[in-house]
Amino acid sequence: MLSLARCREDHCITCADDGEVMGAQAVDESRQLARCAGAGGIITVDIALVSPVAVGDQLLVHAGTAIARLQGSA
Amino acid sequence: MRFVEEFRDAELGRALSGEILATVEPGRHYKLMEVCGGHTHAIYKYGVDDLLPANVELVHGPGCPVCVIPMGRVDDGIALAHQPGVIFTCFGDMVRVPGSEGSLLDAKADGADVRMVYSPLDALRIAKRNPDREVVFFAIGFETTAPSTALTLKRAKLDGVANFFCMCNHVTIVPPLRALLESPDLRLDGFIGPGHVSTVVGARPFEFIPASYGRPLVIAGFEPLDVLQAIHMLLVQLAQGRCEVENQYRRVVPYEGNLRALEVMAEVFELRPHFEWRGLGFISHSALKLTDAYSELDAELRWGVPGVRVADPKACQCGEVLKGVIKPWECKVFGTACTPEHAIGTCMVSPEGACAAYYNYGRLARERQAV
């Protein structure tokens, strides 16, 4: 289940207000969505708050939404 | 992974520990509050406190989203979960938070359709796949999580999803910090500021702390070297007689925050006049509710909730822990009646809670050896 996959063994990253660094693998700017990979696997991420996003960008993702692009990641 | 491993380097950690030791004044006691539960978790997971001199004390703040939810709100959520035909969705740790007569997990065992989700978008997907059911998303979290909820509500409205509702429990970080600074119980020398909240709100909202209360704050990331460096920056400020907001987490946090996130939050949310915080009581303008433009998505308006204030169990001292007045192990029920498996208080439920962080990482030794 998606929620369980995203929660690491020792804590729920969403409850924690804890962002996760993820790399953008594919980007659909028209829908403001990106496929991103991180330690917990691959998910679809809402990129409306940080677009434009390029493949390879490192994003801080929280609760399925990218809230920052890491400086110097492009 | 880039931006992660390099901030866990043990050699650099030892070097920073030496810098910290060289900065502190012998004979002076330093009390620093890490605001965010994520920092508390990192400190005990990586043993950051073992790298500090004995006269540098870390105090755990109120920044654990699950820990600050009062029992009455859990009861309200459970009441919605028991509504006929409702699918009730919430984040993972929230299902175990005790209300006055059990948790959401207990409600699920009693037949309520309670489902864990990773994101509000997951909850919206469930609503789209179940058009004959009404789906409630129990929204918790600080300004880190609120933009995700706001974007999801915008998408729901844009897509005309009529069976998706939000019970909003989002809180804001500045009012409880102000309440703590006004508290006579607590004497703090500085703050380790919340890194991911600051990603959204920026550094400016914290400037009142040095300006009005004469305490420095350093915004910090969540890897062990981030926390150690932030502590060093705070101690350097104190040694030099400076008192400022500094940003250790520049790789993520821009000074002005994420303006688009603030914009979407302003469209979807407005401040509640007051909100009850576990352990801190009612704090004015410290939580969010949906604006009139989104009222048709407001679960509390759709069904109404009991809204009964419930006192914490007498044995539980989460309030004092959340205010940093006592350490987790000083609570009467810590590790005995209250454990992660059978939590009485919220601080033991979420691993970001100070009690669970102490418990899970074996931080039961009450005396630290001087570094």
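Lettering follows sequence order; numbering is per chain, from 1.
How far CG of D46(A) is from NZ of K154(B): 10.5 Å, rounded to the nearest 0.5 Å. Within the model, atoms CD of Q58(A) and CZ of R251(B) stand 11.5 Å from one another, a figure rounded to the nearest 0.5 Å. Here H62(A) contributes atom NE2 and E143(B) contributes atom CD; the two are 11.0 Å apart, rounded to the nearest 0.5 Å. One distance of note links OG1 of T199(B) with CG of L70(A); it measures 8.5 Å at 0.5 Å rounding. Within the model, atoms CD1 of I43(A) and CG of D122(B) stand 8.0 Å from one another, a figure rounded to the nearest 0.5 Å.
With chain B as the partner, the residue from T65(A), L49(A), L60(A) showing the most heavy-atom pairs under 4.5 Å is L49(A).
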Evaluate V252(B) against V21(A) for side-chain contact (heavy atoms from CB on, under 4.5 Å), listing each step before the verdict. CA-CA 10 Å; V252(B) 173; V21(A) 177; over 6 Å; no
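Residue V264(B) touches chain A through its side chain alone, counting heavy-atom pairs closer than 4.5 Å. Residue R250(B) touches chain A through its backbone alone, counting heavy-atom pairs closer than 4.5 Å.
Here the closest heavy-atom approach between residue R31(A) and residue R155(B) is recorded as O-NH2, 3.3 Å. Across all non-hydrogen atoms, the minimal contact from A63(A) to S119(B) is O-CB, 2.9 Å.
Scanning for salt bridge (charged side-chain N to carboxylate O under 4.0 Å, His left out) contacts around E29(A) gives an empty result, with sequence neighbours left out.
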